[in-house]
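Report on the structure given below.
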Amino acid sequence: MNPIQPKQEASVSKSPAEVQADFKKVFTEAIHRVNEAQHESDQMTQKLVTGEVENLHDVMISAEKASVLLQTTIEVRNKALEAYQEMMRMQV
């Protein structure tokens, strides 16, 4: 599991379009990782049911990892949406 870390660049100013593209890329990668974790959890559960995996701990760890990733992604989405709504309420 790789944490999401922004790249540290030497004070290079970016246009709003570039910042938007960077945010979209990071968020898309995060959603892709969540999807992969969910699929891995499903596969581990299926293997447990069929008897291919005997270690319940590995299955539970996989399920919890997927759950934590999903909850984190939902919270980031909620915070981004709240920030957008706050900007829309600002008086110019």
Side-chain angles (χ1 to χ4, degrees):
M1 184 167 76
N2 296 331
I4 300 172
Q5 295 181 0
K7 294 179 182 177
Q8 298 294 326
E9 298 179 6
S11 65
V12 176
S13 62
K14 293 183 177 184
S15 71
E18 290 172 327
V19 172
Q20 179 183 0
D22 288 347
F23 179 77
K24 179 182 175 185
K25 180 182 174 189
V26 168
F27 202 69
T28 302
E29 289 172 359
I31 290 173
H32 182 66
R33 281 196 298 273
V34 169
N35 191 37
E36 286 176 352
Q38 292 288 336
H39 283 296
E40 180 183 336
S41 175
D42 290 344
Q43 289 173 351
M44 292 289 285
T45 303
Q46 287 295 327
K47 287 180 181 180
L48 179 69
V49 170
T50 60
E52 295 176 46
V53 175
E54 294 181 13
N55 191 350
L56 179 61
H57 293 96
D58 290 340
V59 177
M60 293 304 297
I61 289 170
S62 175
E64 279 301 309
K65 202 182 286 187
S67 176
V68 168
L69 282 170
L70 180 61
Q71 290 299 319
T72 303
T73 304
I74 290 170
E75 288 300 319
V76 168
R77 185 217 46 175
N78 290 345
K79 290 295 182 182
L81 187 58
E82 287 175 22
Y84 173 78
Q85 290 171 342
E86 184 67 29
M87 287 190 298
M88 289 293 112
R89 286 190 293 261
M90 286 183 181
Q91 299 282 330
V92 180

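Each residue takes its place number in the sequence, starting with 1. Not measured: the values here are computed from a predicted model.
Within a 6.0 Å radius of CD in Gln20, no more than 12 heavy atoms belonging to other residues, nucleotides or ligands are found.
Across Arg33 and Leu69, no two heavy atoms sit closer than the pair O-CD1, 4.3 Å.
Sorted by first and then second residue, the pairs that involve residues 39-49 and meet side chain to side chain donor-acceptor pair (under 3.5 Å), not counting sequence neighbours, are Asn35-His39.
Transitive grouping of hydrophobic side chains (ILVMFWY, heavy atoms separated by less than 4.5 Å) brings Met60 and Met44 into a common cluster. Cluster annotation: Ile31 is not connected to Leu70 through the hydrophobic network of ILVMFWY side chains, with a link wherever side-chain heavy atoms come within less than 4.5 Å.
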Side-chain donor-acceptor distances from residues 52-59 under 3.5 Å, at least two apart:
unit_1	atom_1	unit_2	atom_2	d
Glu52	OE2	Thr50	OG1	3.2
Asn55	OD1	His57	N	3.0
Asn55	OD1	His57	ND1	3.2
Asn55	ND2	Asp58	OD2	3.4

For residues 80-92, please give each side-chain donor-acceptor pair under 3.5 Å, one per line with the distance, not counting sequence neighbours.
unit_1	atom_1	unit_2	atom_2	d
Glu86	OE1	Arg89	NH2	2.8

Notebook entry, point to check: Are Arg77 and Ile74 close enough, and set up right, to give a side chain to side chain contact (heavy atoms under 4.5 Å, CB included), and what steps lead you there?
Noted result: CA-CA 5 Å; Arg77 185 217 46 175; Ile74 290 170; 4.2 Å; yes
